[in-house]
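Structure first, then comments.
It should be emphasised that the depicted structure is a prediction, and the values quoted were computed from it without experimental measurement. Throughout, residue positions are numbered sequentially from 1 according to the sequence presented.
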Amino acid sequence: MVKIVHSKEMEDYLSNLASEIESHYNIPDLKGSVAQIKWARDIRIKFLNQAHDKDKNLETLLPLQNKTSASWWINNKDLTLEQLIEKSSQN
């Protein structure tokens, strides 16, 4: 059995990686409590990775850039990528 250990170094690495992705794609900062932002950032990066894997073009993802509320990402974490894109386009 493999035990996964979360360390400060790993958290820092993942945070820096998220910052690089956000900077590269010019994604605005999230708004919310520190805990909400940390959680929502992980969710947002997961969806961006899915979009990249599915070769979604940037125009399709533009509505997601406007979603800067950490609670919006948390509340929609269980949607599929397609549902998330559709929901972000509606508002």
Judged by atom type as modelled, is there a donor-acceptor pair below 3.5 Å linking the side chain of Gln36 to the main-chain atoms of Ser33? yes

Does the pair Thr80 and Gln83 meet the rule for a side-chain contact (heavy atoms from CB on, under 4.5 Å), with working shown? CA-CA 5 Å; Thr80 66; Gln83 290 170 328; 3.2 Å; yes

Do Leu62 and Ile27 share a hydrophobic cluster (ILVMFWY, side-chain heavy atoms under 4.5 Å, transitive)? no

To the nearest 0.5 Å, tell me how far Leu81 CG sits from Leu48 CG. 9.0 Å

Does Ser89 reach the main-chain N or O of Ile85 with its side chain, forming a donor-acceptor pair under 3.5 Å? yes

Apply side-chain contact (heavy atoms from CB on, under 4.5 Å) to Phe47 and Arg44, showing your working. CA-CA 5 Å; Phe47 278 114; Arg44 183 168 70 173; 5.9 Å; no

NZ of Lys77 to CH2 of Trp39: how many Å apart, nearest 0.5 Å? 4.5 Å

Heavy-atom closest pair, residues Arg41 and Leu30: N-CD1, 3.6 Å

Less than 4.0 Å between a side-chain N and a carboxylate O, is that true for Lys8 and Asp12? yes

Measure the CH2-OG1 distance between Trp73 and Thr68 for me, rounded to the nearest 0.5 Å. 10.5 Å

Rounded to the nearest 0.5 Å, how far does CG of Asn75 lie from OG of Ser69? 7.5 Å

When rounded to the nearest 0.5 angstrom, what is the spacing between CH2 in Trp72 and CG in Asn76? 5.0 Å

How long is the straight-line distance from CD of Glu20 back to CD1 of Ile45, given to the nearest 0.5 Å? 10.5 Å

Looking at every heavy atom in both Pro63 and Ser88, which two are closest together, and how far apart are they? CB-OG, 3.3 Å

